[in-house]
Engineer: 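Dropping the structure in here first, questions after.
Owing to the predicted nature of the structure, the values given are computational and were not obtained by experimental measurement.
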Amino acid sequence: MKILTHNMLTSNIIKSVKDGYPLKIAATEVQEVDVDFNPEFIQRLLAKLNWSVICEAITQLDATKDIELPENLTDEVKEDEDMLRKIHHVLLEVEVIEGKLICPETGREFPINKGIPNMLLNDEEV
């Protein structure tokens, strides 16, 4: 699961969960893969992301703890190629292979196996 994917996942479909976002990440295996850098793609993508959730997610992974991202996305950040490369790396090249996502409201755990988060609910949760 890429950090980009994590930014879009929520557990708000569970009974009694109002928001269910952002899910916490508890990774047991993380891999880094090479993905071609496309600065225009990253720039367009930034408008669609919840930036504070990205910043929080990287603190939850050992593989990204040393990466420093700005607290806010300014126009200067969006034009800085070195920063765009860091953002590209975090969003597209870091993959959670094994672990779990945890609902912030209920503590419900969703397993991540072979890079795929299983967000299926039990009958009593719907």
Side-chain angles (χ1 to χ4, degrees):
M1 176 194 73
K2 296 183 185 296
I3 302 302
L4 174 61
T5 304
H6 169 263
N7 197 255
M8 300 174 195
L9 295 176
T10 179
S11 60
N12 65 352
I13 195 75
I14 299 175
K15 281 184 192 176
S16 76
V17 172
K18 293 181 182 178
D19 191 21
Y21 183 81
L23 297 169
K24 295 177 185 158
I25 303 172
T28 55
E29 182 182 350
V30 176
Q31 289 182 354
E32 294 184 25
V33 296
D34 288 331
V35 176
D36 290 338
F37 176 62
N38 180 337
E40 293 82 21
F41 173 72
I42 298 299
Q43 288 170 328
R44 288 191 309 268
L45 191 59
L46 290 175
K48 297 172 174 53
L49 298 175
N50 184 325
W51 186 249
S52 63
V53 171
I54 295 292
C55 292
E56 182 181 334
I58 68 167
T59 66
Q60 298 172 20
L61 300 174
D62 287 336
T64 55
K65 281 188 179 185
D66 294 333
I67 297 174
E68 292 185 29
L69 295 178
E71 207 171 288
N72 299 305
L73 283 176
T74 62
D75 289 338
E76 292 82 24
V77 169
K78 295 175 185 176
E79 296 299 323
D80 181 345
E81 185 169 329
D82 288 337
M83 188 55 63
L84 291 175
R85 285 185 182 278
K86 285 183 183 180
I87 295 168
H88 161 85
H89 174 71
V90 166
L91 294 178
L92 301 175
E93 294 184 330
V94 175
E95 293 190 22
V96 178
I97 304 301
E98 300 292 331
K100 57 190 169 187
L101 297 171
I102 305 164
C103 175
E105 293 177 42
T106 65
R108 164 67 151 87
E109 296 179 356
F110 299 94
I112 303 169
N113 295 309
K114 298 180 183 173
I116 301 170
N118 180 347
M119 303 294 291
L120 294 175
L121 300 178
N122 299 319
D123 288 341
E124 63 275 2
E125 295 174 309
V126 197

Engineer: Would Ile116 end up clustered with Ile97 when hydrophobic side chains under 4.5 Å apart are linked, directly or stepwise?
Structural biologist: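 Ile116 does not cluster with Ile97.
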Engineer: Could you check if a side-chain atom of Arg108 sits within less than 4.5 angstrom of a side-chain atom of Asn122, using non-hydrogen atoms only?
Structural biologist: yes
Engineer: For the CD1 atom of Ile54 and the NE2 atom of His6, what is their distance to the nearest 0.5 Å?
Structural biologist: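 Between atom CD1 of Ile54 and atom NE2 of His6 there are 8.0 Å.
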Engineer: Given the rule that I, L, V, M, F, W and Y join up when any side-chain heavy atoms are under 4.5 Å apart, are Met8 and Leu61 in one cluster?
Structural biologist: yes
Engineer: Can you tell me how far the SG atom of Cys55 sits from the CD1 atom of Ile67, to the nearest 0.5 Å?
Structural biologist: 11.0 Å
Engineer: Could you check whether Glu81 pairs with Arg85 (Lys NZ or Arg NE/NH1/NH2 to Asp/Glu carboxylate O, under 4.0 Å)?
Structural biologist: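 Salt bridge flag = yes for Arg85 with Glu81.
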Engineer: Can you name the nearest heavy-atom pair linking Gly20 to Glu105, along with the distance?
Structural biologist: N-OE2, 2.7 Å
Engineer: Is any side-chain heavy atom of Val17 closer than 4.5 Å to a side-chain heavy atom of Thr106?
Structural biologist: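 SC-SC contact between Val17 and Thr106 confirmed.
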Engineer: If you define the side chain from C-beta out and look only at heavy atoms, does anything of Val94 sit under 4.5 Å from His89?
Structural biologist: yes
Engineer: Nearest 0.5 Å, please: how far is CG in Leu101 from CD1 in Ile25?
Structural biologist: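 If I round to the nearest 0.5 Å, the distance is 6.5 Å.
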Engineer: Of all the heavy-atom pairs spanning Tyr21 and Leu9, show the shortest one and how long it is.
Structural biologist: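 What the structure gives for the nearest pair is CD1-O, 3.2 Å.
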Engineer: Is there a side-chain contact between Leu69 and Met83 (heavy atoms, below 4.5 Å)?
Structural biologist: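 They are in contact (side-chain heavy atoms under 4.5 Å apart), so the answer is yes.
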Engineer: Of all heavy-atom pairs between Pro39 and Leu84, which one has the smallest distance, and what is that distance?
Structural biologist: CB-CD1, 4.2 Å
Engineer: If I compare all heavy atoms of Met119 with all of Thr10, which pair ends up nearest, and what's the gap?
Structural biologist: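 Of all heavy-atom pairs spanning Met119 and Thr10, the closest is CE-O, 3.6 Å.
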Engineer: Quick check: do Asn72 and Val77 have side-chain heavy atoms less than 4.5 Å from each other?
Structural biologist: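 In short, these two side chains do not touch, never coming nearer than 4.5 Å.
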Engineer: If you draw a 6.0 Å radius around CD in Glu71, do more than 12 non-hydrogen atoms from other residues or ligands fall strictly inside?
Structural biologist: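 Not buried by this count: 12 neighbours or fewer within 6.0 Å.
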Engineer: Whether the side chain of Asn50 engages the backbone of Asn7 through a donor-acceptor N/O pair (distance < 3.5 Å, no angle test) should be reported.
Structural biologist: no
Engineer: Does Glu124 CD have over 12 foreign heavy atoms under 6.0 Å away?
Structural biologist: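 More than 12 heavy atoms, drawn from other residues, nucleotides or ligands, come within 6.0 Å of this atom.
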Engineer: Minimum heavy-atom separation for His88 and Asp36, please, with both atom names.
Structural biologist: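 His88 and Asp36 have their closest heavy atoms at CE1-O, 3.2 Å.
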Engineer: To the nearest 0.5 Å, what is the distance between NZ on Lys78 and CD on Gln43?
Structural biologist: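 Going from the NZ atom of Lys78 to the CD atom of Gln43 covers 9.5 Å.
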Engineer: Is Lys24 atom NZ crowded by more than 12 heavy atoms from other residues, nucleotides or ligands, each under 6.0 Å away?
Structural biologist: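 No, the 6.0 Å shell around NZ holds no more than 12 heavy atoms from other groups.
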Engineer: Starting at CG of Leu49, measure out to CG of Leu4 and round the result to the nearest 0.5 Å.
Structural biologist: 6.0 Å
Engineer: Do you know which two heavy atoms are closest between Ser11 and Cys103, and how far apart they sit?
Structural biologist: OG-SG, 3.0 Å
Engineer: Calculate, to the nearest 0.5 Å, the distance between atoms CG and CZ belonging to Leu121 and Phe110 respectively.
Structural biologist: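 Here the rounded value is 5.5 Å.
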Engineer: Side chain to side chain contact (heavy atoms under 4.5 Å, CB included) with Leu92: which of Ile3, Ile42, Val33, Asp34?
Structural biologist: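 The side chain to side chain contact (heavy atoms under 4.5 Å, CB included) with Leu92 is passed solely by Ile42 among Ile3, Ile42, Val33, Asp34.
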Engineer: Can you tell me which residue among Ile58, Thr59, Val30 is in a side chain to side chain contact (heavy atoms under 4.5 Å, CB included) with Thr64?
Structural biologist: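 Among the candidates, only Ile58 passes.
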Engineer: Any non-hydrogen side-chain atom of Lys2 less than 4.5 Å from a side-chain atom of Glu93?
Structural biologist: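 No - every pair of side-chain heavy atoms lies 4.5 Å or more apart.
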